[in-house]
Number of protein chains: 2
Amino acid sequence: MTQGSYYQFCPVAMASEVLCKRWTMVLVRELVSGSTRFNDLKRGVPRMSPTLLSQRLKELEAAGVVVRLPVPGEPGISEYHLTPAGEDLLPVVKALGVWGQRWVESNLSLRNLDASLLMWDMRRNLDPTPLPKRRVVVKFCYPELPSTRRNFWLVVESEGHVDLCATDPGFDIDLYVTTDLRTMTAIWMGLDTIEQARDRIAFDGSRQLAKSMRQWLGLSPFASEENLAAHA
Amino acid sequence: MTQGSYYQFCPVAMASEVLCKRWTMVLVRELVSGSTRFNDLKRGVPRMSPTLLSQRLKELEAAGVVVRLPVPGEPGISEYHLTPAGEDLLPVVKALGVWGQRWVESNLSLRNLDASLLMWDMRRNLDPTPLPKRRVVVKFCYPELPSTRRNFWLVVESEGHVDLCATDPGFDIDLYVTTDLRTMTAIWMGLDTIEQARDRIAFDGSRQLAKSMRQWLGLSPFASEENLAAHA
DNA sequence: CAGTATCCTATCCGATACTG
DNA sequence: CAGTATCGGATAGGATACTG
């Protein structure tokens, strides 16, 4: 920020000096969510310039929150891993998220729609356990978007690894989901349910998969029962 | 910050937009600690310019965190009170403070010594219950400081109200405490104990009061047993 | 006491391009 | 893929003085 330290011995101030800068908490959220590679982190904070991302990572490294580790076998490439101090930021991120979910008007959140961000998050929290033990592909389509950014493929491999594609990976598709971005985002955030939004979603393909969507589609970590109830 | 929003629907990002700006979390700490008047808040964030303080208060008001209320009987004067959303920031402040206390190297904190800030905090957490039910005055002296900013009087009125004076209020003094600022700050933060620092503190006056100091002197809300133990 | 007004600069950061 | 280099502009915010 514009100038240096707060000059306060208080631990809240000391912590804020490290964490309360533009983008830093959002980046930390990505880190505690498990991203370690530069470009994975970038996908989680798409509006952040690579320069600033790099700078913030260095600051967090200097603060003892992350360590940059070379990847054996991939020269020139590093991963950013949380230190114990970094892991211990989970409660801070959680507290912020809980507060945001509870008190930031949901209309405000739903103004910041971003399909690739949403899909990237969904990829992260997808639960493969209720799915058949083979490759499963779900194609999402948001017809409102320009055709090049409209389609997403979630590819769940048989061992459970999930991939997100923005171009057709060419596999057979098990389920087509067509809806609008706001609806899908609201569901993901726990502000709406699939049942309630049923008439704004079109399913095609496996009825089985469509029916169990609530199961395999995880929800946002902050989609609380509280909110689900409030809007039920 | 330099430019607008993060454009993310994620509640962590939404909350960070409101809270993760320079000085804001430190100000919120003051608010959840109970300060409501402009100048009381100012004492808690002495390096923050009044302009910025005023601006941040307006931002927090716009975000629904505080309400500005005119004080009946004192025209032109307002108090800043937390809304329910504001009260609900306590877990966020706590999480930050716990993290800071645990992971920010204590030497770093102890670089930011500030006597009036320390005394102001001590005033806030002082526990009058173990004190005699009359006015009790404790004078603190930090000989290292310039003579005009060296002395502080904690005045505990018989009903328990605590006042902090930087000039002699003229009352009889029950206990004189003379020490260095780093020692007193470390004790307050739970990084040291009165016993361990005994040879760096001089007491004069009521032996009773000196002995019970650990009782009536509160400690910082983040002075955890964890830390006390670690340094014992 | 409780703020506002003004000014001015450091720096943050966004955009874009580029490299191994 | 994983970043670095460079640039320019906006603005945040520090300092100070001032007012009802």
Side-chain angles (χ1 to χ4, degrees), chain A residues 1-8 13 16-27 30-31 35-61 66-81 163-166, chain B residues 1-8 13 16-27 30-31 35-61 66-81 163-166:
Chain A
M1 336 285 287
T2 301
Q3 243 120 206
S5 152
Y6 296 137
Y7 298 101
Q8 298 209 355
S16 300
E17 255 174 55
V18 175
L19 301 167
C20 292
K21 304 176 144 201
R22 182 156 166 81
W23 284 116
T24 300
M25 279 309 311
V26 187
L27 173 56
E30 287 303 299
L31 287 161
S35 293
T36 59
R37 303 285 276 249
F38 193 86
N39 276 3
D40 283 353
L41 292 165
K42 203 140 108 65
R43 294 188 77 163
V45 287
R47 318 275 295 218
M48 191 179 188
S49 78
T51 311
L52 187 56
L53 173 53
S54 169
Q55 184 182 317
R56 285 285 185 272
L57 284 168
K58 279 176 185 139
E59 290 169 15
L60 290 176
E61 196 181 4
V66 301
V67 272
R68 180 181 180 168
L69 296 172
V71 179
E74 295 185 70
I77 296 190
S78 302
E79 284 185 350
Y80 299 88
H81 285 270
D163 262 320
L164 171 65
C165 305
Chain B
M1 334 287 289
T2 303
Q3 245 122 202
S5 150
Y6 296 136
Y7 299 103
Q8 298 209 355
S16 300
E17 257 174 54
V18 175
L19 300 168
C20 293
K21 304 176 143 200
R22 183 157 165 80
W23 284 115
T24 300
M25 281 307 312
V26 188
L27 173 56
E30 287 304 299
L31 287 161
S35 293
T36 57
R37 303 284 277 249
F38 193 85
N39 275 4
D40 283 353
L41 292 166
K42 202 138 109 64
R43 296 188 76 163
V45 287
R47 319 274 293 219
M48 190 180 189
S49 77
T51 311
L52 186 56
L53 173 54
S54 170
Q55 183 182 318
R56 285 286 184 274
L57 284 168
K58 279 177 185 139
E59 290 170 16
L60 290 176
E61 195 181 5
V66 301
V67 272
R68 181 181 180 168
L69 296 172
V71 180
E74 295 184 70
I77 296 192
S78 302
E79 283 185 350
Y80 299 87
H81 286 269
D163 262 321
L164 171 66
C165 306

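Scope of the values below: all heavy atoms of this structure, side chains included, with no hydrogens, waters or symmetry mates. Every chain is numbered from 1, with letters handed out A, B, ... down the list of sequences.
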>> Check this one for me: any side-chain N or O of B/Lys21 less than 4.0 Å away from OP1 or OP2 of C/dC12?
In response: no
> Does C/dC1 have OP1 or OP2 sitting under 4.0 Å from an N or O in the side chain of B/Arg37?
Replying inline: no
>> Measuring to OP1 and OP2 of D/dG14, would you say a side-chain N or O of B/Trp23 lies under 4.0 angstrom away?
In response: yes
> D/dT6 P sits how many Å from A/Gln55 CD, rounded?
Replying inline: 15 Å
>> Test salt bridge (Lys or Arg N to Asp or Glu O under 4.0 Å) on A/Arg56 and A/Glu59; report intermediate values, then the result.
In response: CA-CA 5 Å; A/Arg56 285 285 185 272; A/Glu59 290 169 15; 3.2 Å; yes
> Listed by chain and number, what are the side-chain contact (heavy atoms from CB on, under 4.5 Å) partners of B/Pro46, not counting sequence neighbours?
Replying inline: A/Gln8, B/Asp114, B/Leu117
>> How many whole angstroms separate atom OH of B/Tyr7 from atom C1' of C/dG14?
In response: 12 Å
> Does anything in residues 38-50 of chain A reach DNA chain D, meaning a heavy atom under 4.0 Å, and if so which residues?
Replying inline: A/Phe38, A/Asn39, A/Pro50
>> How many whole angstroms separate atom CG of B/Leu53 from atom P of D/dG14?
In response: 12 Å
>> Which residues in residues 70-78 of chain A have a heavy atom closer than 4.0 Å to any atom of DNA chain D?
In response: A/Ile77, A/Ser78
Anything under 3.5 Å between a protein N or O and an N or O of nucleotides 18-20 of chain D, put it in a table, one pair a line.
none

>> Whether A/Arg22 contacts C/dG14 is assessed here as follows: a side-chain N or O lying under 4.0 Å from the phosphate OP1 or OP2. Is that the case?
In response: yes
> Which dot-bracket string fits DNA chain C when only Watson-Crick or G-U wobble pairs with both atom distances under 3.5 Å count, crossing pairs get [ ], and | stands for a partner on a different strand?
Replying inline: ||||||||||||||||||||
>> Tell me whether the side-chain N/O atoms of B/Tyr6 come closer than 4.0 Å to OP1 or OP2 in C/dC13.
In response: no
> What residues, two or more places apart in sequence or in another chain, satisfy side-chain contact (heavy atoms from CB on, under 4.5 Å) together with B/Thr51?
Replying inline: B/Ser49
>> I'd like to check the salt bridge (charged side-chain N to carboxylate O under 4.0 Å, His left out) partners of A/Glu17; sequence neighbours left out, ordered by chain and number.
In response: none
> Considering residues at least two apart in sequence or located in another chain, which fulfil the side-chain contact (heavy atoms from CB on, under 4.5 Å) criterion with A/Val71?
Replying inline: A/Arg37, A/Glu74, A/Ile77, A/Glu79
>> Using a distance-only criterion (donor-acceptor N/O pair, under 3.5 Å, no hydrogens), is the base of D/dA2 paired with the side chain of A/Ser54?
In response: no
> Can you list the residues that meet the side-chain hydrogen bond (donor to acceptor under 3.5 Å, both in side chains) rule with A/Thr36, with sequence neighbours excluded?
Replying inline: none
> Which residue pairs pass the salt bridge (Lys or Arg N to Asp or Glu O under 4.0 Å) test with at least one member in residues 41-51 of chain B, sequence neighbours excluded?
Replying inline: none
